[in-house]
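Each remark here refers to the structure printed beneath this line.
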Amino acid sequence: FTFSEYFTDWYTSKAWEAKLIEKLFDFRQYGALNLATNIVGILLPLIVIGLPWFRSTRNIAIVSALVIVAMWIKRYLIVIPTVETTLLPMQEVRPEYVSYTATWVEWSLVAGGFGLFGLMLLLITKFVPVVPMWGTAEASLQEEAIEDVKAEFNTSTI
């Protein structure tokens, strides 16, 4: 579907869409990110899940983390090249409109978001048990004690 979208935009050959497709496939601009996103986000999961000798818990976890990174890069590629490729002709183009770079405020907001997520995860694991109680050694000892009491009760009542 990804390549179908690019192909239909290229085939209609409207000027703005052609500029956008050229930016997405030009390795001097966004071509490397676009290719890496498609390989890591589409091809790599198919290989790891499709071929049995690559299918392990470790490989699937690594690929899933890479897919999440590829998804974030794809979101970047959806927004930034589209904004950089102006649909309307602009008279006086300022240099900051030609190429986008994130400011320290934007990087701080991203870091703060990740930090807040980590804090919430730690707080949840503090108050909600992560390991189920039936899987702990203490719970299995309690179950054995209950079974012993039941067995003793059954033998004493007979």
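Of all the heavy atoms in A61 and S64, the pair that sits closest is O-OG, 2.7 Å. Shortest non-hydrogen contact noted between L35 and F27 is CD2-CZ, 3.8 Å. Here the shortest heavy-atom pairing between P45 and V63 reads CA-CG1, 3.8 Å.
Distance check, rounded to the nearest 0.5 Å: CG of N59 to CD1 of I47 gives 11.5 Å. In this structure, CZ in F127 is found 6.5 Å from CG in L123, a value given to the nearest 0.5 Å. Atom NZ of K23 and atom CZ of R28 lie 12.5 Å apart (nearest 0.5 Å). With rounding to the nearest 0.5 Å, the separation of CD1 in I73 from CD1 in I78 is 12.5 Å. To the nearest 0.5 Å, atom CD1 of residue I42 and atom CG of residue N38 are 4.5 Å apart. The distance from atom CD1 of I39 to atom CG of L66, rounded to the nearest 0.5 Å, is 12.5 Å.
For the pair L33 and Y76, the minimum side-chain heavy-atom distance is below 4.5 Å. Side-chain contact check for V110 versus E106: every heavy-atom pair is 4.5 Å or farther apart. Between R55 and I60, the closest side-chain pair of non-hydrogen atoms falls below 4.5 Å. In this structure, the side chains of V69 and V40 stay at 4.5 Å or more apart for every pair of heavy atoms. Contact of the F25 side chain with the Y30 side chain is not registered, since no non-hydrogen atoms from C-beta on lie closer than 4.5 Å.
D26 places no side-chain N or O within 3.5 Å of a backbone atom of G31 that could act as its donor or acceptor partner.
In this structure, Q29 places its CD atom where more than 12 heavy-atom neighbours from other residues, nucleotides or ligands lie under 6.0 Å away.
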